[in-house]
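Residue numbers count from 1 along this sequence.
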Amino acid sequence: MAKQNVSEQFVDILARAGVKRLYGVVGDSLNPVVDAIRRNPDIDWIQVRHEETAAFAAGAEAQVTGELAACAGSCGPGNLHLINGLYDAHRSMAPVLALASHIPSSEIGLGYFQETHPELLFQECSHYNEMISNPQQMPRLLQTAIQHAIGRGGVAVVSMPGDVASQPAPEKSVEHALVTSRPTVRPGDAEIEKLCRMVDEAKRVTLFCGSGTAGAHAEVMEFAERVKAPVGHALRGKEWIQYDNPYDVGMSGLLGYGAAYEATNECDLLILLGTDFPYNAFLPTDVKIVQVDVRPEHLGRRSKLDLAVWGDVRETLRCLTPRVKAKSDRKFLDRMLKKHADALEGVISAYTRKVDKHVPIHPEYVASVLDELADEDAVFTVDTGMCNVWAARYLTPNGKRRVIGSFSHGSMANALPQAIGAQFTDRNRQVVSMSGDGGFTMLMGDFLTLVQYDLPVKVVLFNNSSLGMVELEMLVAGLPSFGTTNKNPDFAAVARASGAYGVRVEKPKQLESALRDAFKHKGPALVDIVTDPNALSIPPKISADMVTGFALSASKIVLDGGVGRMVQMARSNLRNVPRP
């Protein structure tokens with residue numbers, strides 16, 4: 001058997017760790033690794049047009065599969081382009097291994113062409129960030145990086161000079177068994193007992209859920225029923241907790257709706273389950289708060305806690321639920337369910353009144369039709385900005401759909417790259433990119449990646465020719481909108497010129513058939529929908545200090561708009577409320 005070089009060993013270890021593909025852009029220092037992939041049948045090289053796309057795609061793949069994904073960039077500017085997508089993956093706890101190839105090892109520190117210092121650049125967006133400067137470090141350093149990414153949930157970066165990548169691998173290197181999944185974490189008995197006493201003593205308990213409730217839907221519902229607790233959620237918790245939920249009171253935060261704010265502020269005990277919800281202005285200051293999280297560094301960094309519980313949500317509730325006393329008083333729960341239904345009833349006109357005649361098209365209407373037509377197991381990737389609003393309010397979770405966005409990092413241009421990663425995991429699963437025209441044009445070059453690999457991603461483009469969320473921020477701050485207008489082409493024509501399916505929609509009556517035809521198309525498709533840039537109505541009581549980016553004071557309702565099929569669920573849940 002021929003002796004391996006470092007690149008070949010590197011690629012073999014990635015394949016053994018379950019990595020199916022490496023996203024990136026080829027170039028000089030990275031060439032030995034790309035050549036090793038060319039000769040390895042167990043892993044594919046995915047050529048994108050921008051390394052930022054590579055990192056976003058890897059992060060989305062990791063979120064869809066729950067397994068390690070990987071991306072790579074060549075020396076200097078190449079790997080520097082990875083950084084924004086890696087920040088997003090890291091803050092989303094997506095296990096991603098990033099290879100930052102480096103200049104020749106003999107030139108490091110001498111101001112060589114394209115020289116940067118990856119071990120410094122990626123420090124803040126990784127759990128592990130080290131350089132292979134000698135072949136003898138392989139494979140131990142790479143294995144350590146993989147275990148950091150998987151075990152801690154996030155990014156690990158390995159930088160490697162191109163000349164080291166071409167050197168022979170050590171002859172008697174030790175390859176140990178790799179960690180490929182995370183364990184469950186059970187809290188200690190003392191914490192469970194304290195939490196049990198607090199729940200028993202409280203008359204009104206509310207649960208507020210984040211992405212840490214993934215896989216714990218049944219346990220949350222059982223606990224909510226036992227203690228008669230309303231259940232609210234953050235945006236990242238929506239897909240995991242809102243469906244089949246008779247205790248649902250909606251979402252809190254800037255994009256919030258329903259009675260989640262009231263439920264979290266009018267209880268005796270608020271239990272935060274698997275959430276790192278950043279907007280502490282929406283959290284109460286005068287009720288007892290318990291936080292349950294698998295990452296201890298998250299505990300207490302948003303609000304003052306009366307009890308911090310280190311453990312994953314499912315295991316914590318499995319320990320807790322049998323021990324707490326069942327509550328029979330539903331008054332608080334029923335009052336919150338009624339408030340929630342009333343709040344949703346009050347805004348449904350925003351997407352039902354004359355929408356079939358309104359030109360430009362209501363984006364709320366687009367989102368509601370999209371929700372109805374999309375597959376039951378569709379993956380939606382959602383651009384930051386107004387698309388977040390439409391996804392939060394109109395996409396209906398069901399336990400099979402996924403909704404992925406830059407919900408923690410808040411980057412523009414994430415939806416299309418994330419759709420690439422999501423679609424590579426399963427070409428037969430419907431993947432829909434909900435793109436704004438601002439985000440789409442920022443990384444529009446990678447629409448060509450869809451065409452090159454014939455990926456059947458459907459790009460639904462909310463085209464209002466503006467940076468809508470920024471205009472909203474300026475409006476609330478009392479500033480005239482400036483620098484927010486986009487002069488756009490006919491994106492459908494651009495799609496067709498690129499070799500994809502493209503259709504432009506300017507009238508509401510064209511919308512449903514356009515979406516159906518795009519969804520039926522077997523390859524990549526783009527639906528360019530001209531939407532109303534003035535879709536949002538802002539309550540007159542809002543003040544300038546309520547919005548600074550996405551950080552708010554304790555405003556109950558910031559954006560007014562429709563809520564799609566959620567109103568039907570709220571009406572259904574009211575059937576559980578006893579009539580007087």
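Considering only residues two or more places apart in sequence or on other chains, Arg91 meets the side chain to side chain donor-acceptor pair (under 3.5 Å) condition with none of them. His409 is linked by a ring pair (Phe, Tyr, Trp, His ring centres under 6.0 Å) to Tyr87, counting only residues two or more places apart in sequence or in another chain. Every residue two or more places apart in sequence or in another chain that forms a side chain to side chain contact (heavy atoms under 4.5 Å, CB included) with Asp35 is listed here: Arg38, Arg39. Remark: Asp312 pairs with no residue by the side chain to side chain donor-acceptor pair (under 3.5 Å) rule, at least two apart or across chains. Remark: Thr53 pairs with Asp446 by the side chain to side chain donor-acceptor pair (under 3.5 Å) rule, at least two apart or across chains. Under the side chain to side chain donor-acceptor pair (under 3.5 Å) criterion, Glu239 pairs with Arg402, sequence neighbours left out.
Side chain of Lys458 to main chain of His521: a donor-acceptor pair is present (N/O by atom type, distance under 3.5 Å, no hydrogens or angles). In this structure, the side chain of His298 does not engage the main chain of Thr275 through any donor-acceptor pair within 3.5 Å. Between the His117 side chain and the Glu119 main chain, no donor and acceptor come within less than 3.5 Å of each other. Judged purely by atom type and a 3.5 angstrom limit, Thr65 uses its side chain to pair as donor or acceptor with the backbone of Glu67.
A salt bridge links Arg21 with Glu61: the distance from a Lys NZ or Arg NE/NH1/NH2 to an Asp or Glu carboxylate oxygen falls below 4.0 Å. Ion pairing of Arg401 with Asp371 is present here, as a side-chain N (NZ or NE/NH1/NH2) and a carboxylate O approach within less than 4.0 Å.
Using modelled atom types and a 3.5 Å distance limit, the side chains of Ser411 and Asp88 yield no donor-acceptor pair. Side-chain polar atoms of Asn5 and Gln167 form no donor-acceptor pair below 3.5 angstrom. In this structure, a donor-acceptor pair under 3.5 Å is present between the side chains of Asn40 and Asp12. Between the side chains of Gln510 and Arg504, no donor N or O sits under 3.5 Å from an acceptor N or O.
Between Phe462 and Trp390, the angle of the ring planes stays under 30°, which puts this pair in the parallel group of the 30/60° scheme.
For Glu124, the CD atom is loosely surrounded, since the number of other residues' heavy atoms within 6.0 Å does not exceed 12.
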For the pair Tyr243 and His217, evaluate ring-ring contact (aromatic ring centres under 6.0 Å, His included) and give the outcome as yes or no after the intermediate values. CA-CA 9 Å; Tyr243 69 95; His217 184 276; 4.1 Å; yes
